[in-house]
Amino acid sequence: MPMTNTPKPATLDDAPLISGALARAFDDDPMMRWFFPDDASREASLVRYFTTLFTGQYVHHGVCERTDAAAAFWVAAGAQAVPEADTIRQLQDILGDRAPLFRDAVETAARHTPREPHWSLAVIGADPAARGQGHGAALLRSGLAQADAAGLPVYLESSKSSNNPFYEHFGFTVREELPLPGDGPTLWGMWREPRA
């Protein structure tokens with residue numbers, strides 16, 4: 001059966017598909033390699049990480065969509081996608097001695113999040129095996145259409161500079177560069193004004 005790149009709402013039952021696709025998508029991401037430096041255990045750690053983010057946070061408080069090989073987690077304006085204590089404990093367990101780096105990175109990014117009402121693209125990724133088949137673009141278009149319908153801009157933090165031209169193609173511009181503390185990688189805060 002061919003894989004479809006048509007976005008559909010993600011449910012808890014989709015957690016294995018979503019966490020696997022995102023773990024493979026983020027394996028070469030500089031920030032994820034910083035959080036999970038061990039090559040041998042990275043994929044398993046990323047599966048646990050994305051499962052926890054999805055099931056403990058975004059599926060309940062975000063707008064989550066998937067295709068057969070990709071997923072995107074959005075946060076609508078006014079929604080509170082703050083992880084609950086149990087989710088934070090699980091993330092600390094997964095990150096181990098890297099948990100303080102993660103906390104500092106999250107706090108740094110939060111200080112730079114725009115204050116005006118906007119949608120946020122928290123996570124988007126496609127399984128590398130399906131790259132070039134339009135999965136990421138379809139998910140990006142779907143979320144942007146929802147933000148545009150609400151008349152709101154969209155903010156994201158790109159953790160891989162080679163992805164920036166992809167976002168720029170959809171109307172994002174780099175708003176600022178955020179070097180993460182502790183000799184961490186750089187994030188690029190990107191912004192897109194709504195389109196009619």
Side-chain angles (χ1 to χ4, degrees), residues 18-54 56-58 62 70-75 81-83 87-115 118-132 135-137 139-140 143 153-192:
I18 286 171
S19 58
L22 290 175
R24 291 183 291 276
F26 280 87
D27 181 70
D28 66 347
D29 181 89
M31 190 164 76
M32 290 302 144
R33 286 184 163 246
W34 186 52
F35 292 149
F36 303 106
D38 181 37
D39 290 340
S41 64
R42 184 178 306 111
E43 185 171 342
S45 296
L46 284 172
V47 166
R48 289 177 62 209
Y49 172 79
F50 285 116
T51 298
T52 301
L53 282 183
F54 177 63
Q57 183 176 353
Y58 290 108
F73 306 161
W74 301 80
V75 181
V82 177
T87 302
I88 292 170
R89 275 193 299 277
Q90 288 177 49
L91 290 171
Q92 288 171 334
D93 180 52
I94 295 162
L95 286 148
D97 63 359
R98 311 297 276 182
L101 293 177
F102 179 81
R103 182 199 62 227
D104 293 349
V106 168
E107 288 173 357
T108 298
R111 283 194 297 275
H112 293 269
T113 301
R115 298 288 167 240
H118 66 278
W119 274 52
S120 290
L121 176 55
V123 176
I124 189 168
D127 190 322
R131 221 162 252 157
H135 291 267
L139 287 168
L140 195 54
V154 178
Y155 179 71
L156 66 83
E157 284 144 4
S158 172
S159 52
K160 191 173 171 188
S161 62
S162 61
N163 287 341
N164 295 358
F166 173 76
Y167 297 125
E168 287 165 349
H169 174 76
F170 288 91
F172 286 89
T173 56
V174 173
R175 192 162 162 156
E176 67 178 319
E177 287 190 19
L178 307 174
L180 293 177
D183 292 326
T186 297
L187 296 180
W188 289 267
M190 302 187 78
W191 184 256
R192 178 188 179 271

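All of these numbers come straight from a predicted model, not from anything done at the bench.
- One distance of note links NE2 of H112 with CG of L178; it measures 5.0 Å at 0.5 Å rounding.
- Between the side chain of T52 and the backbone N or O of Q90, no donor-acceptor pair lies under 3.5 Å.
- Residues forming a ring pair (Phe, Tyr, Trp, His ring centres under 6.0 Å) with F73 (at least two apart in sequence, or on another chain): F54, Y58.
- In this structure, the side chain of R98 engages the main chain of W34 through a donor-acceptor pair within 3.5 Å.
- The nearest pair of heavy atoms linking V47 to S19 is O-CB, 3.5 Å.
- Scanning both residues, A71 and L22, for their nearest heavy atoms gives O-CD2, 4.0 Å.
- Minimum heavy-atom separation, F50 to V123: CE2-CG1, 4.0 Å.
- Heavy atoms only, all atoms of each residue included: I124 and A72 are closest at CG1-CB, 4.0 Å.
- In this structure, Y167 has no side chain to side chain donor-acceptor pair (under 3.5 Å) partners at least two apart in sequence or on a different chain.
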* Under the side-chain contact (heavy atoms from CB on, under 4.5 Å) criterion, do E168 and M190 qualify, and how do the steps go? -> CA-CA 9 Å; E168 287 165 349; M190 302 187 78; 3.8 Å; yes
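- G136 and A126 get closest at one heavy-atom pair: N-CB, 4.4 Å.
- A distance of 10.5 Å separates CG in L53 from CG in L46, rounded to the nearest 0.5 Å.
- Under the salt bridge (Lys or Arg N to Asp or Glu O under 4.0 Å) criterion, the residue pairs touching residues 20-35 are R24-E43, R24-D127, D27-R33, D27-R42, D28-K160, R33-D39, with sequence neighbours excluded.
- The line from CZ of R192 to CZ of R175 is 14.5 Å long, rounded to the nearest 0.5 Å.
- To the nearest 0.5 angstrom, S158 atom OG is 4.0 Å from N164 atom CG.
- Atoms CZ and CG, from F170 and L121 in turn, are 11.5 Å apart once rounded to the nearest 0.5 Å.
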* Evaluate the criterion side-chain contact (heavy atoms from CB on, under 4.5 Å) for residue pair L140 and W74; output intermediate values, then yes/no. => CA-CA 10 Å; L140 195 54; W74 301 80; 3.8 Å; yes
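- Counting heavy atoms from C-beta outward, L180 and L187 have side chains that approach closer than 4.5 Å.
- Heavy atoms only, all atoms of each residue included: S162 and P165 are closest at O-CD, 3.5 Å.
- Checked against the 6.0 Å centroid criterion, the rings of Y49 and F35 do not qualify as a close aromatic pair.
- With contacts defined as side-chain heavy-atom distances shorter than 4.5 Å, the pair W188/S161 qualifies.
- Here Q57 contributes atom CD and L91 contributes atom CG; the two are 7.5 Å apart, rounded to the nearest 0.5 Å.
- Within the 4.5 Å cutoff, no side-chain heavy atoms of D93 are placed close to those of R89.
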